[in-house]
Amino acid sequence: VNKGQVEEKELFDQLQLQFGDQFLHYHKHIAIVHADGDSIGRTLQEIGHEVDKLQLFSAFLHNFAHEAAQQIDFYGGLPIYVGGDDLFFLAPVARTHSPDIDRPTTVLHLALQLDQLFQEKYKFFQKELTDLASVTPPTLSFGIHINHVKSPLYEGIQQSRHALFKQAKDIRQNPEK
């Protein structure tokens, strides 16, 4: 047994003593989340090179990113990269014991909230540009990996990216698979 393993066991024992039944198995895990917009390029093609429309689109992405970072932070997550339609953050797997929530929520609830936020922001943008009404709205795809605290973070990041770019996006682009 090495010194790091002893210190880790001591930490978990202290947490168990301090929080008792509130310290649960999932507290030893962290969610690694990547999200990326789908069909952003198609929307940009429809917008073309008109500066006013591009500025509105840029404002849509900026507003989404700003509010997404706030939601991630409120949930207890840590935004690593938030820019336009790209998100990368770490978050608790679940939140159950907090005075600011009335029922348990999970990182899946957070992903759903972020997806809804993206859709709401896009609808507001689309109202400004009525000529985009016939264009299929862009969507968000998520890759989520639940990583144990003892597992290497870089492996969890790779798994989250794989879940996004090799699975979620492939399903959206090829729904018959």
Side-chain angles (χ1 to χ4, degrees), residues 29-95 98 100-101 103 105-147 152-177:
H29 296 79
I30 188 164
I32 303 167
V33 183
H34 283 88
D36 185 56
D38 304 309
S39 303
I40 298 294
R42 182 176 48 209
T43 304
L44 283 170
Q45 282 179 332
E46 290 293 325
I47 291 171
H49 299 289
E50 295 181 46
V51 174
D52 292 346
K53 291 180 180 182
L54 288 170
Q55 286 175 335
L56 286 172
F57 189 72
S58 179
F60 145 66
L61 291 175
H62 172 78
N63 291 336
F64 165 70
H66 178 73
E67 289 188 35
Q70 289 177 331
Q71 283 192 9
I72 293 164
D73 185 56
F74 181 76
Y75 177 80
L78 176 65
I80 305 295
Y81 178 81
V82 178
D85 65 317
D86 295 315
L87 305 175
F88 170 41
F89 61 93
L90 307 176
V93 173
R95 291 183 61 208
S98 178
D100 60 333
I101 58 172
R103 60 181 163 49
T105 58
T106 68
V107 70
L108 298 177
H109 292 105
L110 176 59
L112 180 60
Q113 289 173 346
L114 292 170
D115 185 54
Q116 290 169 344
L117 174 67
F118 186 82
Q119 297 308 318
E120 288 168 15
K121 293 295 176 190
Y122 185 79
K123 284 178 186 173
F124 181 78
F125 158 75
Q126 200 174 31
K127 285 180 185 177
E128 299 288 318
L129 296 177
T130 55
D131 53 336
L132 289 179
S134 64
V135 177
T136 303
T139 56
L140 275 182
S141 290
F142 288 86
I144 301 173
H145 179 77
I146 307 301
N147 211 56
L153 185 59
Y154 76 91
E155 288 178 7
I157 291 169
Q158 289 173 340
Q159 291 298 318
S160 174
R161 289 185 56 78
H162 176 78
L164 171 62
F165 292 109
K166 300 292 186 213
Q167 294 174 328
K169 284 196 168 276
D170 191 43
I171 290 170
R172 282 210 191 258
Q173 293 168 358
N174 304 301
E176 64 277 349
K177 281 189 172 186

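Residues passing the side chain to side chain donor-acceptor pair (under 3.5 Å) test with Thr43: none are found, sequence neighbours excluded. Residues passing the side chain to side chain donor-acceptor pair (under 3.5 Å) test with His62: none are found, sequence neighbours excluded. Shown here are the side chain to side chain donor-acceptor pair (under 3.5 Å) partners of Arg161, two or more places apart in sequence or in another chain: there are none.
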- Message: Determine whether Phe64 and Leu140 satisfy the following criterion, side chain to side chain contact (heavy atoms under 4.5 Å, CB included), listing intermediate values before the conclusion.
- Response: CA-CA 12 Å; Phe64 165 70; Leu140 275 182; 3.7 Å; yes
- Message: Using the rule given for side chain to side chain contact (heavy atoms under 4.5 Å, CB included), can you reason through Ser141 versus Leu164, listing the C-alpha separation, both sets of side-chain angles and the distance that settles it, and then say yes or no?
- Response: CA-CA 7 Å; Ser141 290; Leu164 171 62; 3.6 Å; yes
- Passes side chain to side chain contact (heavy atoms under 4.5 Å, CB included), Asn147 versus His29? Steps please. CA-CA 5 Å; Asn147 211 56; His29 296 79; over 6 Å; no
- Message: Checking Leu153 against Ile32 for the side chain to side chain contact (heavy atoms under 4.5 Å, CB included) test, could you report, in this order, the C-alpha distance in whole Å, the side-chain angles of both residues, the deciding distance, and whether it holds?
- Response: CA-CA 9 Å; Leu153 185 59; Ile32 303 167; 3.7 Å; yes
Under 3.5 Å, sequence neighbours excluded: what are the donor-acceptor pairs made by side chains of residues 116-130?
from: Gln119; atom 1: NE2; to: Pro138; atom 2: O; distance (Å): 3.4
from: Lys121; atom 1: NZ; to: Glu67; atom 2: OE2; distance (Å): 2.6
from: Gln126; atom 1: NE2; to: Leu132; atom 2: O; distance (Å): 3.0

Please report, to 0.1 Å, the donor-acceptor pairs under 3.5 Å made by any side chain of residues 69-90, with sequence neighbours excluded.
from: Gln70; atom 1: NE2; to: His66; atom 2: NE2; distance (Å): 3.3
from: Tyr75; atom 1: OH; to: Pro92; atom 2: O; distance (Å): 3.0
from: Tyr75; atom 1: OH; to: Val93; atom 2: O; distance (Å): 3.3
from: Tyr75; atom 1: OH; to: Val107; atom 2: N; distance (Å): 3.0
from: Asp85; atom 1: OD2; to: Gly37; atom 2: N; distance (Å): 3.0

Using a 3.5 Å cut-off and no angle test, enumerate the donor-acceptor pairs between side-chain atoms of residues 48-60 and protein atoms at least two apart in sequence or in another chain.
from: Glu50; atom 1: OE2; to: Lys53; atom 2: NZ; distance (Å): 3.4
from: Lys53; atom 1: NZ; to: Asp131; atom 2: OD2; distance (Å): 2.4

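A distance of 6.5 Å separates NE2 of His162 from CD of Gln159, quoted to the nearest 0.5 Å. Here the CG atom belonging to Leu114 is positioned 13.0 Å from the NE2 atom belonging to His109, to the nearest 0.5 angstrom. Put simply, OG on Ser39 and CD on Glu46 are 11.5 Å apart, with the number rounded to the nearest 0.5 Å. Rounding to the nearest 0.5 Å places CD of Gln158 at 10.0 Å from NE2 of His145.
Proximity of a side-chain donor or acceptor of Thr106 to a complementary backbone N or O of Ala94 within less than 3.5 Å is not detected.
Residue Ser160 comes nearest to Gly143 through the heavy atom pair OG-O, 2.9 Å, listed as atom of the first residue, atom of the second, then distance.
When side chains are defined from C-beta on, Leu108 counts as touching Ile144, because their heavy atoms get closer than 4.5 Å.
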